[in-house]
S.K.: 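I have a structure here, written as structure tokens, and I will follow up with some questions on it.
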Amino acid sequence: MFSTKQEKNKGKMLKKPRLWISRFLSQLTLDRARENFEVYLPKIDRPASKNEMVELSSKVDAFLICHSEIISSDVAKNFNKRLKIIANHSVGTDHCDLDALKSIGIVVTNTPDVLSDATAEISMLLLLGAARRAVEAQNIIKEGKWNSWSPSFMVGKQVTGQRLGIIGMGRVGQAMARNARGLNMQIHYHNRKRLPKEQEKGAVYHNSKEELLRISDFLSLHCPATLETQEIINKKTIQLMPNNAIIVNAARGKLIDEQALIDALISGKISGAGLDCFVKEPGGNPKLSALKNVFMLPHIGSATEKTRDAMGLRALENLNAYFSGKRPLDQVT
Ligand code: DGY
């Protein structure tokens with residue numbers, strides 16, 4: 001039998017940790033979350049404000065957030081001590097000031113692996129869409145303006161057998177390389193570390209990004225957005241690329257100096273771009289939208305049912321590990 005005090009403690013131990021989920025996640029994720037957590041959901045599916053997040057930090061033990069929730073140092077420093085862990089429903093963590101969160105002892109996790117295939121699929125769609133002038137072609141037929149045909153009509157750039165440069169040969173970069181091999185593309189890459197031979201699968205490693213850019217008829221970005229990678233594609237680096245190259249970005253908008261890319265798309269130095277990410281999200285860049293040679297998508301790289309479920313479950317696995325006293329598999333701080 002328990003004494004009243006023991007009963008109280010037992011009650012405390014049995015209480016589920018409180019979890020705030022910032023956005024409308026998949027039904028499977030919500031159902032599973034309720035098994036181990038007392039779940040708090042938003043009424044409207046929109047990014048949470050700084051003040052809301054600070055207020056919530058005193059009411060819950062954990063956050064499950066998306067890249068739309070910006071945890072800057074001024075948000076982090078006002079967090080209540082109750083908040084113990086932030087599980088991201090994203091592989092990218094650039095929306096979180098990791099140093100600030102680490103300094104106040106908040107554990108941060110992400111969801112690698114599970115979205116690599118979906119993101120690589122979108123990267124290939126962007127590459128093909130940009131190379132084969134999908135926007136222009138689609139507009140002509142949809143707007144009822146397809147009234148002639150000639151051998152010089154809508155001539156694009158062939159992809160099969162061409163050179164593809166990949167910056168960031170992590171999980172998504174490798175999945176993109178696998179897709180591109182299906183089109184017989186020659187894979188070249190730059191990465192912080194050269195991959196072991198068996199992972200390279202014949203891809204050519206370039207020690208510097210400059211060296212890679214010089215031979216990249218097609219370039220696909222797959223690195224995280226950090227201080228080092230911010231605007232790696234800029235006026236200077238674009239000039240290194242072969243004329244008429246194609247640039248693809250399904251990683252983060254901050255990797256590209258958008259004005260430099262716009263100038264290169266107008267001058268023809270870059271013949272097309274396929275973009276799923278922008279400096280300003282949501283919304284994108286109207287100057288890019290105005291260009292016919294840009295194939296654009298609204299940050300939907302990982303947006304498949306299978307991947308959304310997998311991201312949600314992976315974030316929950318990290319939370320479950322933390323609350324059962326183990327180190328989460330995807331702990332980043
Ligand atoms: C990611 O996981 O980082 C994707 O961009 C979706 O948030």
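As the structure lists them, so they are numbered: ligands from 1, and atoms in each ligand from 1.
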S.K.: For the CD atom on Q230, are there more than 12 heavy atoms of other groups (residues, nucleotides or ligands in this structure) within a distance under 6.0 Å?
M.R.: yes

S.K.: H188: which residues meet the ring-ring contact (aromatic ring centres under 6.0 Å, His included) condition with it, sequence neighbours left out?
M.R.: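 By the ring-ring contact (aromatic ring centres under 6.0 Å, His included) rule, H188 matches H206.
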
S.K.: Decide whether N51 and S49 meet the rule of one side-chain donor and one side-chain acceptor closer than 3.5 Å.
M.R.: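 Not at all, the side chains of N51 and S49 share no donor-acceptor pair under 3.5 Å.
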
S.K.: Who passes ring-ring contact (aromatic ring centres under 6.0 Å, His included) against Y189, sequence neighbours left out?
M.R.: Y205

S.K.: With sequence neighbours excluded, give me every ring-ring contact (aromatic ring centres under 6.0 Å, His included) pair touching residues 246-291.
M.R.: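 Checked against ring-ring contact (aromatic ring centres under 6.0 Å, His included) - neighbours excluded - no pair reaches residues 246-291.
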
S.K.: Are there over 12 heavy-atom neighbours, none belonging to R163, within less than 6.0 Å of that residue's CZ?
M.R.: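 Yes.
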
S.K.: For ligand 1, what is the set of protein residues having any non-hydrogen atom at a distance below 4.0 Å?
M.R.: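 Shell around ligand 1 (4.0 Å, heavy atoms): H67, S90, V91, G92, L115, R252, H299, S302, M311.
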
